[in-house]
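For the numbers below, each heavy atom of this structure counts, side chains included, while hydrogens, waters and symmetry mates do not.
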There are 2 protein chains.
Amino acid sequence: MAEATERLQRYLEDELGECRDEDVEQRLDELGTLEAALGPAQVDDELGVLSALANETRYTLARVLVAAGEELCVCELNAVVDVSESGLSHALSALVDAGLATGRKDGRWKKYRATNRAITLVTVLDGSVSDE
Amino acid sequence: MAEATERLQRYLEDELGECRDEDVEQRLDELGTLEAALGPAQVDDELGVLSALANETRYTLARVLVAAGEELCVCELNAVVDVSESGLSHALSALVDAGLATGRKDGRWKKYRATNRAITLVTVLDGSVSDE
DNA sequence: GCATTAATTGAGTATCTCTTCAACCGATGA
DNA sequence: TCATCGGTTGAAGAGATACTCAATTAATGC
């Protein structure tokens with residue numbers, strides 16, 4: 001039996017008074033169930049969204065697009081973040097990949113808009129962090 | 001006038017038909033307002049939360065703590081993630097720093113519990129990613 | 001067609017981040 | 001009091017990330 005599992009057994013003994021090998025098995029199973037409640041694909045998707053937002057440049061862009069409530073031109077977004085034109089483009093395509101924005105070409109200009117997913121997340125984040 | 005601002009001017013000319021310097025100023029101001037709606041401290045806090053969750057180990061721990069609905073011992077959490085004991089400890093303290101979990105010492109065991117902030121965020125993430 | 005403009009792509013690099021190892025702290029029990 | 005056990009801390013290396021620069025694409029206008 002692995003070292004970590006032995007520790008779990010001692011813990012369960014402490015908590016339950018006694019602890020057979022079956023009890024350890026059952027607890028491991030319960031913990032596995034908690035972890036596996038979401039499919040791996042969905043966890044990956046959620047991690048993708050979180051990673052996309054966990055960066056000052058991209059989070060600022062997401063917040064501005066959400067606050068604007070309409071599509072904004074790349075040349076406008078250039079004014080709100082402090083990176084090169086190329087950096088801005090990389091950031092925007094990361095947001096699109098994560099499903100947080102959509103892009104549309106309009107003549108020689110390119111416009112981006114926040115998705116519903118972005119709106120929900122930015123709104124909830126603002127709320128959940130301001131209240132305590 | 002900076003290169004990026006000139007481009008914005010041409011864009012506004014395109015959109016509005018005409019564009020004086022004042023119009024550019026006003027648009028820059030509007031964009032600045034969108035960006036500055038949240039204070040820098042709150043943005044930092046939100047970025048901290050996002051960074052804490054944007055990692056497989058820590059996100060798994062957060063999800064399990066939320067799903068458990070009660071405090072769990074470090075020795076139990078050891079079973080749900082695939083890192084060393086030390087890595088687990090680092091991950092948990094990052095969650096605590098971000099306000100996503102709280103820790104409590106109970107005799108020789110240490111127990112962690114999800115905060116309301118964690119519950120809200122994990123719940124919303126699950127919802128916002130599954131629906132489309 | 002050719003030049004210009006808006007934006008994207010890819011390569012390269014500096015920086016940050018995650019994980020582990022080793023040493024450590026605090027509580028328990030012999 | 002000393003050894004053991006649960007867990008944390010700090011340093012260090014491997015790996016991932018986020019920029020910038022240079023080259024490229026696509027659209028517009030001459």
Side-chain angles (χ1 to χ4, degrees), chain A residues 2-15 44 47-62 71-79 81-98 101-112, chain B residues 1-15 44 47-48 50-62 71-79 81-98 101-112:
Chain A
E3 209 266 296
T5 308
E6 294 171 21
R7 184 179 299 187
L8 178 58
Q9 176 145 30
R10 284 191 290 273
Y11 174 67
L12 292 177
E13 266 163 20
D14 240 41
E15 294 292 296
D44 269 14
L47 274 172
V49 169
L50 287 166
S51 303
L53 288 179
N55 166 266
E56 179 162 13
T57 299
R58 292 189 302 264
Y59 187 52
T60 300
L61 290 170
E71 56 187 11
L72 294 179
C73 177
V74 171
C75 62
E76 294 181 293
L77 292 169
N78 221 327
V81 290
D82 191 30
V83 292
S84 68
E85 207 175 316
S86 165
L88 173 58
S89 191
H90 283 298
L92 286 168
S93 78
L95 290 177
V96 170
D97 287 349
T102 56
R104 176 177 81 87
K105 194 145 195 193
D106 183 16
R108 30 185 209 157
W109 311 97
K110 179 107 179 237
K111 299 176 177 177
Y112 285 88
Chain B
M1 190 181 285
E3 207 265 294
T5 308
E6 294 171 20
R7 185 180 297 185
L8 178 59
Q9 174 143 32
R10 285 191 290 273
Y11 174 67
L12 292 176
E13 267 164 21
D14 239 40
E15 295 291 298
D44 268 16
L47 274 172
L50 288 165
S51 303
L53 288 179
N55 165 266
E56 179 163 13
T57 299
R58 292 189 301 266
Y59 187 52
T60 299
L61 290 171
E71 56 187 11
L72 294 179
C73 177
V74 171
C75 64
E76 294 180 293
L77 292 168
N78 221 326
V81 290
D82 192 30
V83 291
S84 68
E85 208 175 316
S86 165
L88 173 58
S89 190
H90 282 297
L92 286 168
S93 77
L95 289 177
V96 170
D97 287 349
T102 56
R104 174 177 83 87
K105 194 147 195 190
D106 183 16
R108 30 184 208 158
W109 311 99
K110 180 107 178 238
K111 299 175 177 179
Y112 285 88

With A:Tyr112 as reference, evaluate A:Leu95, A:Leu92, A:Leu72 under the side chain to side chain contact (heavy atoms under 4.5 Å, CB included) test and give the passing residue. A:Leu92
Atom [atom1] of [X] to atom [atom2] of [N]: distance rounded to whole Å?
{"X": "B:Leu72", "N": "D:dG6", "atom1": "CG", "atom2": "C1'", "result": "16 Å"}
{"X": "B:Glu56", "N": "D:dG15", "atom1": "CD", "atom2": "C1'", "result": "15 Å"}
{"X": "B:Asp97", "N": "D:dT8", "atom1": "CG", "atom2": "P", "result": "12 Å"}
{"X": "B:Gln9", "N": "C:dT5", "atom1": "CD", "atom2": "P", "result": "14 Å"}
{"X": "B:Leu88", "N": "C:dT20", "atom1": "CG", "atom2": "C1'", "result": "13 Å"}
{"X": "B:Glu85", "N": "C:dC25", "atom1": "CD", "atom2": "P", "result": "17 Å"}
{"X": "A:Glu6", "N": "D:dT4", "atom1": "CD", "atom2": "C1'", "result": "14 Å"}
{"X": "A:Leu92", "N": "D:dC19", "atom1": "CG", "atom2": "C1'", "result": "15 Å"}

Smallest heavy-atom separation, A:Leu8 atom then B:Glu76 atom, equals CD1-CG, 3.6 Å
Nearest non-hydrogen partners of B:Ser51 and B:Arg58, listed with the distance: O-NH2, 3.0 Å
Verify the neighbour count for atom CG of A:Asp82: are there more than 12 heavy atoms of other residues, nucleotides or ligands below 6.0 Å? no
With a cut-off of 6.0 Å (strictly less than), are more than 12 heavy atoms of other residues, nucleotides or ligands near CD of B:Glu13? yes
Any salt bridge between A:Glu85 and B:Arg7, counting N to O under 4.0 Å? yes
Is B:Glu15 salt-bridged to A:Lys111, going by a charged N under 4.0 Å from an acidic O? yes
Got a second to check how far B:Glu71's CD is from B:Leu77's CG, nearest 0.5 Å? 11.0 Å
Give me, pair by pair, the N or O atoms of the protein and of nucleotides 13-19 of chain C that are less than 3.5 Å apart, along with how far apart they are.
residue : atom : partner : partner atom : Å
C:dC18  : OP1  : B:Arg58 : NH2          : 2.6
C:dC18  : OP2  : B:Arg58 : NH1          : 3.4
C:dT19  : OP1  : B:Thr57 : OG1          : 3.1

Counting only side-chain heavy atoms from C-beta out, which of C:dA7, D:dT9, C:dA6 sits nearest to B:Ser89? D:dT9
Given DNA chain C, 5'-ward residue of the pair B:Tyr11 and A:Ser86, judged by closest heavy atom: B:Tyr11
Results of side chain to side chain contact (heavy atoms under 4.5 Å, CB included) for A:Val81 - residues two or more places apart only: A:Thr57, A:Thr60, A:Leu61, A:Val83, A:Leu88
The correct set of residues in residues 102-111 of chain A placing a heavy atom under 4.0 Å from DNA chain C is A:Arg108, A:Trp109, A:Lys110
Residue-phosphate contact under 4.0 Å: B:Arg10 side-chain N/O, C:dT5 OP1/OP2: no
Counting just side-chain N and O atoms, does A:Tyr112 come under 4.0 Å of either OP1 or OP2 of C:dA6? no
